[in-house]
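Worksheet: the structure to be examined is printed underneath.
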Amino acid sequence: MPELPEVETVARDLNRVLKNHVIKKVVVRVPKMILPLSAEDFGSGLKTWSIEKVSRRAKIIVINLSKPKAKAKKFLLIHLKMTGQLIWMPKIGQAVIGGHPQPGGGHNLPHKHTHAEFHFQDGSVLYFNDMRKFGWLKLVTESEKEIILSPHGVEPLAKDFSLTIFTNLITKYPNRTLKHTLLDQKLIAGLGNIYVDEACFKTGVLPTRPVHTLSRSDLTKLHQEIVAVLKLSIKKKGTSARNYVRADGTKGGFVPYLNVYGRAGLACKQCGNLISKTKHAGRGTHFCSKCQK
DNA sequence: GACAGTGTTTACTC
DNA sequence: TGAGTAAACACTGT
């Protein structure tokens, strides 16, 4: 499931290959996933515009668009939600190098989960796949972009993510559990189920702890571990636990580094105790009852 | 073959 | 006001 490191990886991949590419044609198969809702308006609003850069804010891909004579810039915002994929191919339907066939991704694009296609003047194509159709694509102006992006909290990899700011955010709701708080996108942007569980493990605290029970040193450690796990995962190009793939269709390499997520019933890498799994804050929650207190 | 589980976000109720 | 839950959807594992 795309969280910060996965979205960051896709954004970086796309920024490298798509820069200065001019959109020739857009195909939309599921209009309810786009804004404006009419496939014609969406397509005509993108045609002849070129990709200036691709970046990320929270879990949202931000594509800056420009056009020589246009007065204002435009932005294409894309949220992958649970199962969204953005796969770029140098030529239409060209087989993915190094990728493996898998549900909702890989070879032979477009397929039944391809809901939008962006064709560029050089013949390359960007495919948007989303098995569960939770994702969305929005073509917006600068001010509309701000309305969508601004409710999100601090970027955990930004310079301003200091221990002080982190502590202030975390302790804003002292009675909430740690997991609930870390998943709150309005406080810290980009953390999801995988990295919350992983950061809690590395810190040695249970995700179910109410925030007010955490010591000063717990918070210091947690702050460091959140940054560390995100950075390491980006270095490994993300976690392909299920559907996530990179922009070239290949998988991320972070799964071997997971300590608790997806490891219920397996031995803790640190102490050998079996990893537990419960449901908390509406999500599967993984932890080692020996290493985490 | 039915059905719970998978996790992001929004909208809704209590 | 905050917490909890359902819903959007489709596939996997039991």
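The chains referred to below are lettered A, B, ... by the order of the sequence lines, with proteins before strands, and numbering in each begins at 1.
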Kindly indicate whether the side chain of Phe166(A), heavy atoms from C-beta on, has any atom under 4.5 Å from the side chain of Val154(A).
no
Subject >> His223(A)/Phe161(A) under ring-ring contact (aromatic ring centres under 6.0 Å, His included): CA gap, chis, key distance, verdict >> reply: CA-CA 9 Å; His223(A) 175 252; Phe161(A) 186 61; 4.9 Å; yes
Short side-chain N/O contact to dT8(B) OP1/OP2 from His79(A), under 4.0 Å
no
Could you pull out all donor-acceptor pairs under 3.5 Å where a side-chain atom in residues 264-273 of chain A meets a protein atom, sequence neighbours excluded?
{"residue": "Lys269(A)", "atom": "NZ", "partner": "Pro256(A)", "partner atom": "O", "Å": "2.8"}
{"residue": "Lys269(A)", "atom": "NZ", "partner": "Leu258(A)", "partner atom": "O", "Å": "2.6"}
{"residue": "Asn273(A)", "atom": "ND2", "partner": "Ser289(A)", "partner atom": "OG", "Å": "3.2"}

| Which is true for Gly192(A) with a 4.0 Å heavy-atom rule: it touches a base, it touches only sugar-phosphate, or it touches nothing? | sugar-phosphate
| said: Can a donor-acceptor pair be found, under 3.5 Å and without considering hydrogens, that links the side chain of Glu155(A) to the backbone of Ala58(A)? | reply: yes
- Query: For dT1(C), does OP1 or OP2 lie under 4.0 Å from any side-chain N or O of Tyr173(A)?
  - Reply: no
Asp184(A) atom CG is separated from dT8(B) atom C1', nearest whole Å, by 13 Å
Under a 3.5 Å limit on both distances, the Watson-Crick or wobble mate of dC3(B) is dG13(C)
When rounded to whole Å, the NE2 to P distance for the pair His180(A) and dG7(B) reads 17 Å
Between NZ of Lys138(A) and C1' of dT9(B) the distance, given in whole Å, is 10 Å
- Message: Using atom P in both nucleotides, what's the gap between dT9(B) and dT1(C) to the nearest angstrom?
- Response: 24 Å
Rounded to whole Å, CD1 of Ile60(A) lies from P of dT9(B) at a distance of 8 Å
When rounded to whole Å, the CZ to P distance for the pair Arg242(A) and dG5(B) reads 13 Å
Rounded to whole Å, OH of Tyr261(A) lies from P of dG5(B) at a distance of 14 Å
task = Could you measure between the two P atoms, the one in dG1(B) and the one in dC9(C), and give it in whole Å?
result = 25 Å
Mate of dA11(B) across any strand shown (Watson-Crick or G-U wobble, both atom pairs under 3.5 Å) is dT5(C)
Side-chain donor/acceptor of Gln185(A) to backbone N/O of Leu183(A), under 3.5 Å
yes
inquiry  = Under 4.0 Å, heavy atoms only, any strand: does Gly284(A) hit a base, just the sugar-phosphate, or nothing?
reply    = sugar-phosphate
**Prompt:** Do Lys179(A) and Thr285(A) have side-chain N/O donor and acceptor atoms under 3.5 Å apart?
**Reply:** yes
Check your understanding: Parallel, tilted or perpendicular for Tyr195(A) and Phe254(A), by the 30°/60° rule?
Key -> tilted
Atom CG of Leu183(A) and atom C1' of dG2(C) are separated, to the nearest Å, by 17 Å
Its contact letters, B for base, S for sugar-phosphate only and - for none at protein heavy atoms under 4.0 Å, make nucleotides 5-10 of chain C read ---BBB
To the nearest angstrom, the OH-C1' distance between Tyr244(A) and dT8(B) comes to 17 Å
